[in-house]
Asks: 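I'd like to ask you about the structure that follows.
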There are 2 protein chains.
Amino acid sequence: VRAQDLIVEQPTVGLSDPAVEAARVIGSQHRPAVVVVDDGGRPVTVLPASQVLRFLVPGYIQEDPSLVAVYDERAADELAGKLAGRTVGDLVPRGDRQKLPVVDPDATILECAAVMASLRSPVLVVREGDRTLGVVTASRLLEALFG
Amino acid sequence: VRAQDLIVEQPTVGLSDPAVEAARVIGSQHRPAVVVVDDGGRPVTVLPASQVLRFLVPGYIQEDPSLVAVYDERAADELAGKLAGRTVGDLVPRGDRQKLPVVDPDATILECAAVMASLRSPVLVVREGDRTLGVVTASRLLEALFG
């Protein structure tokens with residue numbers, strides 16, 4: 001079994017797309033993450049749903065979620081408004097872009113597991129040259145090993 | 001909108017169940033994670049698929065995935081064998097058990113987002129007293145905000 005046998009199709013969003021597009025793709029398709037590509041279609045990073053939430057929630061509330069009590073119901077609207085005028089690239093800190101979880105199509109299960117475990121990523125990009133073929137998810141890998 | 005409106009059903013595994021059971025539940029249902037409960041059914045922690053992989057892959061390979069080349073195809077079988085005789089509790093380091101991402105059923109969207117963002121968790125346990133009602137996923141939350 002190789003990475004190419006475990007691929008599931010995965011929508012991508014571009015670095016210069018509106019940030020709200022990434023949130024919509026993740027939300028409407030119930031994905032744990034979305035693959036971010038550059039203008040040439042090359043995968044740049046994996047953007048997890050929790051990272052989008054981190055962008056929305058003020059830092060002092062992330063540090064102490066009990067402070068959320070000072071907010072009221074209307075705050076949810078302000079939350080969503082935070083993506084206005086932002087791009088997908090704004091959601092992905094430049095420092096994080098080095099850590100692309102990626103393998104070639106002929107990677108073994110062990111290789112896939114090693115890269116995922118190492119980067120604690122729920123999703124692994126399968127890349128052939130500059131082209132994104134799709135992703136392997138951690139759950140799909142466990143299915144191949146223990147199913 | 002409150003946490004109870006966003007709940008999706010989520011299978012649980014017990015701390016003393018065989019470790020392979022957690023891998024099978026995640027794999028067969030294509031979940032990003034599984035909720036771990038104690039003998040009384042109380043949620044203890046969320047076990048992500050990538051954490052199971054971390055248990056399987058030798059530490060020196062996680063530190064340098066290129067070393068995987070020294071392994072051969074048979075290694076995948078040895079990988080799966082690592083769960084033999086282990087319990088779910090063995091997969092969850094005791095130090096991690098403090099960080100249960102949990103909210104009450106009447107938590108607001110902002111509160112859910114804050115806890116998820118803070119713990120970088122893809123899944124949030126909704127608990128009423130000692131009972132696990134289900135989970136809210138980060139993608140479901142983004143759907144509620146941007147759908």
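Just so it is clear: chains get the letters A, B, ... in the order the sequence lines come, proteins before strands, and each one is counted from 1. Everything quoted here is computed from the prediction, not taken from an experiment.
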Asks: Just so I understand: if I count every heavy-atom pair under 4.5 Å between each of A/Val57, A/Val52, A/Leu142, A/Leu119 and chain B, which residue has the most?
Replies: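 Counting heavy-atom pairs under 4.5 Å, the top option is A/Leu142.
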Asks: Are A/Thr87 and A/Leu15 side-chain neighbours, meaning at least one heavy-atom pair lies under 4.5 Å?
Replies: no
Asks: May I ask you to name which of B/Gln29, B/Arg140, B/Gln62, B/Met116 has the most heavy-atom pairs under 4.5 Å with chain A?
Replies: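 Most heavy-atom pairs under 4.5 Å with chain A: B/Gln62.
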Asks: Is the closest side-chain donor-acceptor distance between A/Arg2 and A/Gln4 under 3.5 Å?
Replies: no
Asks: Applying side-chain contact (heavy atoms from CB on, under 4.5 Å) to B/Val44 and B/Leu100, what does each step give before you reach the verdict?
Replies: CA-CA 6 Å; B/Val44 176; B/Leu100 177 67; over 6 Å; no
Asks: Given a strict heavy-atom distance threshold of 4.5 Å, which part of A/Leu83 is in contact with chain B: side chain, backbone, both, or neither?
Replies: side chain
Asks: Specify which of B/Ala113, B/Ser28, B/Ala144 makes the most heavy-atom pairs with chain A at under 4.5 Å.
Replies: B/Ala113
Asks: In terms of side-chain geometry, is the basic nitrogen of B/Arg24 or B/Glu21 positioned less than 4.0 Å from the acidic oxygen of its partner?
Replies: no
Asks: Do the side chains of A/Arg42 and A/Asp130 get close enough for a salt bridge, i.e. N-O under 4.0 angstrom?
Replies: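 Looking at A/Asp130 together with A/Arg42, the answer is yes, because their closest N to O distance falls below 4.0 Å.
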Asks: Go through the atoms of A/Leu56 and report whether side chain, backbone, both or neither lie under 4.5 Å from a heavy atom of chain B.
Replies: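 Side chain of A/Leu56 only, per the 4.5 Å heavy-atom cut-off to chain B.
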Asks: So what's closer than 4.5 Å to chain B heavy atoms on A/Ser121: side chain, backbone, both or neither?
Replies: backbone
